[in-house]
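Notes follow once the structure below has been shown.
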Amino acid sequence: MNKTTLAEFLTHAELAEPALRGMITDIAQACKAIAVQVNKGALLGTMGSLEAQNVQGETQKQLDVISNDLFLQMNQQGGHYAGMASEEMDEPYVMAERYRQHGRYLLLFDPLDGSSNVNLNLSVGTIFSILRCPHGISEPLVMDFLQPGSAQVCAGYALYGTSTMLVLTTGQGVHGFTLEHDSGDFVLTHASMQIAASSNEFAINMARQRWWDAPVQRYIADCQAGSEGPLGKDYNMRWVASMVAEVHRILIRGGVFMYPVDAKTREAGGRLRLMYEANPMAWLVEQAGGLASDGQQRILDITPQGLHQRVPVYLGSRDEIQRMATYFNA
Ligand code: FBP
């Protein structure tokens with residue numbers, strides 16, 4: 001097989017920002033280091049939870065913190081970033097002067113998405129998003145990070161599953177790379193990923209059904225009615241409880257992923273976080289021909305109000321997301 005490594009791909013790619021070469025290379029290294037920690041599982045005795053809670057009020061897993069520290073350390077050394085923000089930290093990370101003085105970008109990330117699965121040996125991942133740092137800012141404040149998803153210069157995730165993969169976009173389509181353990185290289189295995197416009201597979205946490213709003217109730221009921229119902233086709237369901245794994249499945253074989261706001265999450269605004277979950281995934285999905293909405297508008301057009309803001313998420317195959325919009329507008 002004629003293989004293209006990530007390094008070769010980045011050398012030949014037309015990147016809007018030349019610095020992306022170094023930033024993506026550092027992110028790949030950090031994800032490889034996290035993959036080692038995750039793959040070793042119970043061997044390292046790091047499968048448990050900590051007493052501590054993160055800003056979301058979630059009990060932190062040991063691996064949440066280990067992954068967070070690895071991602072911070074390994075990405076600050078390149079000197080590309082003026083600031084970083086993570087799901088595991090209340091405030092933006094204050095970087096040492098020597099690392100941020102020439103930083104022109106901001107890195108946002110979820111170091112270990114789906115971490116409730118980590119001690120179950122199910123797929124987990126790392127999600128990342130890169131923004132430009134506003135001009136002249138060397139000590140970015142929260143407000144400097146609050147840019148719409150449409151301002152991202154790079155977005156992606158690493159998936160620690162049956163194989164370790166890195167999937168990313170810089171605005172030139174979505175490309176997937178598989179880690180070749182012998183060489184330590186990420187090799188291009190999924191070039192120009194495209195999401196099928198039509199699909200019959202949905203992913204939603206059905207256990208929350210009683211708290212859903214009417215449009216979601218109706219859409220899921222119509223999917224369940226199958227070929228005898230108004231949609232005239234049978235639907236299948238999946239739920240991995242790991243957004244990275246759900247989005248990866250959709251990039252491979254289509255479908256929709258939904259995490260609606262419901263009666264239990266209305267006050268919080270939803271379950272998933274805009275800045276380092278919804279925005280990067282929305283850009284990947286759109287770059288692969290799908291759609292991503294919060295039920296009312298395109299996720300990438302949302303003006304962020306907070307670093308850890310939560311939003312409803314509906315993303316995936318174009319025809320299904322457009323159909324869902326008609327339920328919301330009915
Ligand atoms: P974190 O693991 O990063 O907190 O992410 C949230 C998440 O695990 C998503 O990956 C997943 O889609 C969802 O929560 C699962 O929710 P639930 O626990 O309701 O199944």
Side-chain angles (χ1 to χ4, degrees), residues 31 34 37-38 46-50 52-72 85-90 108-129 155-161 165 167 201-212 216 220 237-251 255-282 284-285 292 294 299 306-316:
C31 291
I34 294 172
Q37 296 291 322
V38 169
T46 55
M47 291 285 105
S49 296
L50 299 170
Q53 290 199 332
N54 64 18
V55 63
Q56 337 275 343
E58 295 160 344
T59 302
Q60 286 180 311
K61 298 274 185 193
Q62 283 173 279
L63 271 171
D64 283 324
V65 175
I66 291 168
S67 306
N68 191 61
D69 293 346
L70 277 171
F71 215 70
L72 289 172
S86 157
E87 177 185 312
E88 300 305 329
M89 302 182 305
D90 305 17
L108 300 104
F109 61 96
D110 176 355
L112 205 62
D113 178 64
S115 57
S116 63
N117 281 337
V118 78
N119 54 338
L120 308 175
N121 208 354
L122 292 172
S123 297
V124 293
T126 297
I127 310 174
F128 57 89
S129 168
Y157 60 80
L159 176 64
Y160 313 118
M165 286 195 67
V167 175
E201 194 164 65
F202 64 86
I204 194 168
N205 183 338
M206 292 295 291
R208 305 184 70 86
Q209 181 159 23
R210 63 192 180 284
W211 300 315
W212 294 339
V216 180
I220 296 297
M237 195 210 105
R238 287 285 183 273
W239 187 248
V240 189
S242 171
M243 186 185 193
V244 173
E246 316 276 9
V247 170
H248 192 71
R249 182 187 61 248
I250 288 169
L251 284 167
V256 291
F257 167 79
M258 298 167 269
Y259 213 119
V261 66
D262 60 40
K264 290 288 183 186
T265 59
R266 198 163 319 282
E267 211 180 307
R271 169 88 165 82
L272 300 173
R273 281 52 60 126
L274 175 63
M275 300 307 291
Y276 41 78
E277 290 176 324
N279 271 340
M281 293 308 203
L284 287 167
V285 164
D294 69 354
I299 283 177
L307 205 49
H308 303 289
Q309 174 184 352
R310 299 171 187 259
V311 292
V313 174
Y314 305 89
L315 58 78

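Ligands are counted one by one from 1 in listed order, and the atoms in each one are counted from 1 as well.
Of the listed residues (Y259, Y276, W239, F257), the one carrying the non-hydrogen atom nearest atom 20 (O) of ligand 1 is W239.
Near N205, meaning under 4.0 Å from one of its heavy atoms, ligand 1 places the atoms 17 (P), 19 (O), 20 (O). Residue D110 has at least one heavy-atom neighbour below 4.0 Å for each of these atoms of ligand 1: 3 (O). Every atom of ligand 1 is numbered from 1 in the order shown, and the set under 4.0 Å from a heavy atom of S115 is 2 (O).
At under 3.5 Å, not a single nitrogen or oxygen of L272, backbone or side chain, sits near a nitrogen or oxygen of ligand 1. Not a single N or O atom of R208, backbone or side chain, sits closer than 3.5 Å to an N or O atom of ligand 1. Taking distance alone, with nitrogen or oxygen atoms compared against 3.5 Å, R273 approaches ligand 1 more closely than that limit.
Only backbone heavy atoms of S242 (N, CA, C or O) come within less than 4.0 Å of ligand 1; its side chain stays farther off. Both the backbone and the side chain of D113 come within 4.0 Å of ligand 1, judged by heavy-atom distances. Contacts between R271 and ligand 1 below 4.0 angstrom, taking non-hydrogen atoms only, involve the side chain exclusively.
Residue, atom and distance of the protein heavy atom nearest to atom 12 (O) of ligand 1 are M243 N, 3.3 Å. Here the heavy atom of the protein found nearest to atom 2 (O) of ligand 1 is G114 N, 2.8 Å.
A donor-acceptor contact closer than 3.5 angstrom links the side chains of S115 and D64. Between S242 and N117, the side chains place no donor N or O within less than 3.5 Å of an acceptor N or O (distance only, hydrogens not considered).
One finds no salt bridge joining E246 and R238 here, because no Lys/Arg side-chain nitrogen approaches an Asp/Glu carboxylate oxygen to under 4.0 Å.
Each of Y276, Y157, Y160 was scored for a side-chain hydrogen bond (donor to acceptor under 3.5 Å, both in side chains) with T126, with one residue passing: Y160.
Between W239 and F257, the ring centre distance stays below 6.0 Å.
To the nearest 0.5 Å, atom CE of residue M275 and atom CZ of residue R310 are 15.0 Å apart.
At least one donor-acceptor pair closer than 3.5 Å links the side chain of H308 to the backbone N or O of D90.
Of all heavy-atom pairs spanning N68 and F109, the tightest one is OD1-CE1, 3.2 Å.
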